[in-house]
Student: 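Please read through the structure below; I'll follow up with questions.
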Amino acid sequence: MENIADNDEERTNNMDVMMRTVHTFVMRAGRMTAAQKRDYETLSALWCIPYRNEALNFSELFGNNNPVTVEIGFGMGKATAIIASENPDKNYLGLEVHTPGVGKLLGDIRDLGLENLRIVEHDAMDVLKNMIPDSSVDAFHIFFPDPWPKKKHFKRRLVQRPRTDLLAGKLKKKGYLYMVTDWLPYAEFALDELSVTPGLKNMYQGFAPHQEWRPETKFENKGKKADRPISEIMFVRE
């Protein structure tokens, strides 16, 4: 007779191995402009939070108790800076491994005088597991993540279980997860994965309508020019 408890333990162990060993990104060589390099070198100490195996205290980090949004993979940070500048009553933590993008966003923080935005330059999965307390995040923004279109790479997709279980556990009650992609197969895949993630509920029937407050990104414009549909997904923590 099959031992259900042993199977559950084995499944949990396999998921843990996947979370530790399979990255959702690749380190692409990116050339920094002189301005990005200068801003990265001079501003990192001000607004970049070093990765460490220790939970953050958002109240201490931002100096207030405002809601916190975590953006995973902000790219060059254009949308991140605009959203933060338009919502000074909310705090934003951007997670990114692309150094030129970090340098660009640091310059935007300075130029826009943003006091509500910080950056962690590290693998988002490590940051989520080790630095983000459970039930502490008001929103996750995931804009145009790598779709990993080849089937052999599906395991690298960010928005899938068990990664979505981890995200759900970090959300406060009524906190939301907002994903946008221009790759329809990934959108359909993510919608299915989120729909079976414990604790999450779709805020709409199927895909979400366009959220007017979200600025368009370079990836969105490229997708539209290539006639790819822009799919938006919003789930809330029950």
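We're numbering straight along the sequence, starting at 1.
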Student: Indicate the atoms forming the closest heavy-atom contact of Arg118 with Ile49, along with that distance.
Tutor: CB-CG1, 4.1 Å

Student: Counting only heavy atoms not in Lys90, do more than 12 sit closer than 6.0 Å to its NZ atom?
Tutor: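 No, the 6.0 Å shell around NZ holds no more than 12 heavy atoms from other groups.
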
Student: Check side chain to side chain contact (heavy atoms under 4.5 Å, CB included) between Ala55 and all other residues, then give those that pass, not counting sequence neighbours.
Tutor: Pro133

Student: Identify whether Val102 and Ile82 are in the same connected component of the hydrophobic contact network (ILVMFWY, side-chain heavy atoms under 4.5 Å).
Tutor: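 In one cluster with Val102: Ile82, no.
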
Student: To the nearest 0.5 Å, tell me how far Tyr40 OH sits from Leu106 CG.
Tutor: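 Answer for the OH-CG pair, Tyr40 versus Leu106, is 8.5 Å.
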
Student: Can you see whether Trp148 has Arg156 sitting over its ring - NZ or CZ less than 6.0 Å from the centre and within 45° of the normal?
Tutor: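 Output yes; distance and angle both within limits.
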
Student: Is there a continuous path of hydrophobic side-chain contacts, each under 4.5 Å between heavy atoms, that joins Ile119 to Leu46?
Tutor: yes

Student: Atom CH2 in Trp47, atom CG in Leu114: separation rounded to 0.5 Å?
Tutor: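 Reported value, rounded in 0.5 Å steps: 8.5 Å.
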
Student: Which distance, rounded to the nearest 0.5 Å, do you find between the NE2 of His122 and the CZ of Arg52?
Tutor: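 Those atoms lie 12.5 Å apart.
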
Student: What about the rings of Phe143 and Tyr178, do their centers lie closer together than 6.0 Å?
Tutor: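 For Phe143 and Tyr178, the ring centres are under 6.0 Å apart.
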
Student: Using a 4.5 Å cut-off on heavy atoms from C-beta on, say whether the side chain of Asn116 contacts that of Asp89.
Tutor: no

Student: Can you tell which of Ile83, Thr69, Asn91, Leu105 makes a side-chain contact (heavy atoms from CB on, under 4.5 Å) with Leu117?
Tutor: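 In the set Ile83, Thr69, Asn91, Leu105, the residue that makes a side-chain contact (heavy atoms from CB on, under 4.5 Å) with Leu117 is Leu105.
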
Student: Looking at Phe235, is its backbone amide N or carbonyl O close enough to the side chain of Lys201 to form a donor-acceptor pair, meaning the two atoms are under 3.5 Å apart?
Tutor: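 A pair under 3.5 Å: no.
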
Student: Quick one: does Glu60's side chain have a donor or acceptor within less than 3.5 Å of a partner on Asn57's backbone?
Tutor: no

Student: Just how far is it from atom OG of Ser135 to atom NZ of Lys173, taken to the nearest 0.5 Å?
Tutor: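 Between atom OG of Ser135 and atom NZ of Lys173 there are 8.0 Å.
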
Student: One pair to check against side-chain contact (heavy atoms from CB on, under 4.5 Å): Tyr92 and Asn87. What are the steps and the verdict?
Tutor: CA-CA 9 Å; Tyr92 295 87; Asn87 297 275; 3.3 Å; yes

Student: For the pair Asp108 (side chain) and Leu112 (backbone), establish whether a donor and an acceptor sit closer than 3.5 Å, ignoring hydrogens and angles.
Tutor: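 A pair under 3.5 Å: no.
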
Student: Do Lys129 and Leu166 have side chains that get closer than 4.5 Å, going by heavy atoms?
Tutor: yes

Student: How far apart are the closest heavy atoms of Met32 and Pro100, and which atoms are they?
Tutor: CG-CG, 3.6 Å

Student: So do the side chains of Ser136 and Val68 get within less than 4.5 Å of each other, counting heavy atoms only?
Tutor: no

Student: Hey, mind stepping through Val127 and Leu56 against side-chain contact (heavy atoms from CB on, under 4.5 Å) and telling me if it holds?
Tutor: CA-CA 10 Å; Val127 176; Leu56 290 170; 5.7 Å; no

Student: To the nearest 0.5 angstrom, please state how far the CD atom of Glu121 sits from the CD atom of Glu96.
Tutor: 8.5 Å

Student: When you check the side-chain N and O atoms of Asp123 and Tyr51, is any donor under 3.5 Å from an acceptor?
Tutor: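 On atom types as modelled, these side chains do not qualify, holding no pair under 3.5 Å.
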
Student: Show me the donor-acceptor pairs within less than 3.5 Å that the side chains of residues 183-190 make with the rest of the protein, sequence neighbours left out.
Tutor:
| residue | atom | partner | partner atom | Å |
| --- | --- | --- | --- | --- |
| Tyr186 | OH | Leu158 | N | 3.3 |
| Tyr186 | OH | Val159 | N | 3.1 |

Student: Could you grab the distance from atom CD1 of Ile142 to atom CD1 of Ile72, nearest 0.5 Å is fine?
Tutor: 4.5 Å

Student: Does one hydrophobic cluster hold both Phe74 and Trp213, with members joined at side-chain heavy-atom distances below 4.5 Å?
Tutor: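 Same hydrophobic cluster.
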
Student: For Ala168, which residues count as a side chain to side chain contact (heavy atoms under 4.5 Å, CB included) partner, sequence neighbours excluded?
Tutor: Thr197, Leu200

Student: Which atoms form the tightest heavy-atom contact between Pro50 and Met131, and what is the distance?
Tutor: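 Answer, listing the atom of Pro50 first, then Met131: O-CE, 3.6 Å.
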
Student: Would you check if Met179 and Met234 make a side-chain contact, meaning some heavy-atom pair closer than 4.5 Å?
Tutor: no

Student: Verify, without hydrogens or angle tests, whether Arg163 (side chain) and Arg157 (backbone) share a donor-acceptor contact under 3.5 angstrom.
Tutor: yes

Student: Charged N to carboxylate O under 4.0 angstrom, Arg214 versus Glu220?
Tutor: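 Yes, this pair counts.
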
Student: Heavy atoms, side chains only, cut-off 4.5 Å: are Gln211 and Glu232 in contact?
Tutor: yes

Student: My understanding is that only residues two or more places apart in sequence, or in another chain, count here; which of them pass ring-ring contact (aromatic ring centres under 6.0 Å, His included) with Tyr176?
Tutor: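 Tyr176 satisfies ring-ring contact (aromatic ring centres under 6.0 Å, His included) with His141 once adjacent residues are dropped.
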
Student: Verify, without hydrogens or angle tests, whether Glu193 (side chain) and Arg161 (backbone) share a donor-acceptor contact under 3.5 angstrom.
Tutor: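 Yes; judged by distance alone, with no hydrogens or angles, the pair exists.
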
Student: Measure the shortest side-chain to side-chain distance between Val120 and Cys48 over non-hydrogen atoms and say whether it is less than 4.5 angstrom.
Tutor: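 The answer is no, as the side chains (C-beta and beyond) never meet within the 4.5 Å cut-off.
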
Student: How far apart are the closest heavy atoms of Phe154 and Gln160, and which atoms are they?
Tutor: O-NE2, 2.7 Å

Student: My understanding is that only residues two or more places apart in sequence, or in another chain, count here; which of them pass side chain to side chain contact (heavy atoms under 4.5 Å, CB included) with Asp182?
Tutor: Phe144, Arg228, Ile230

Student: Compare every heavy atom of Lys104 with every heavy atom of Met76, then report the nearest pair and how far apart it is.
Tutor: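 Residues Met76 and Lys104, closest heavy atoms: O-CG, 3.4 Å.
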
Student: Quick one: which residue pairs count as a salt bridge (charged side-chain N to carboxylate O under 4.0 Å, His left out) with a foot in residues 64-87, not counting sequence neighbours?
Tutor: none

Student: Give a yes or no answer on whether the side chain of Asp138 reaches the backbone of Gly175 with a donor-acceptor pair at less than 3.5 Å.
Tutor: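 It does not hold such a pair.
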
Student: Should Glu238 and Lys174 count as an ion pair when the cut-off is N to O under 4.0 Å?
Tutor: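 Salt bridge absent between Glu238 and Lys174.
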
Student: Check the pair Phe140, Leu128 against side-chain contact (heavy atoms from CB on, under 4.5 Å), reporting the backbone distance first and the verdict last.
Tutor: CA-CA 11 Å; Phe140 281 111; Leu128 290 169; 3.6 Å; yes

Student: Which atom names give the shortest non-hydrogen contact between Lys152 and Lys155, and what distance separates them?
Tutor: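 Scanning both residues completely, I find the closest heavy atoms to be O-NZ, 2.9 Å.
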
Student: Quick one: do Val236 and Asn202 satisfy side-chain contact (heavy atoms from CB on, under 4.5 Å)? Show the steps, please.
Tutor: CA-CA 6 Å; Val236 65; Asn202 198 339; over 6 Å; no

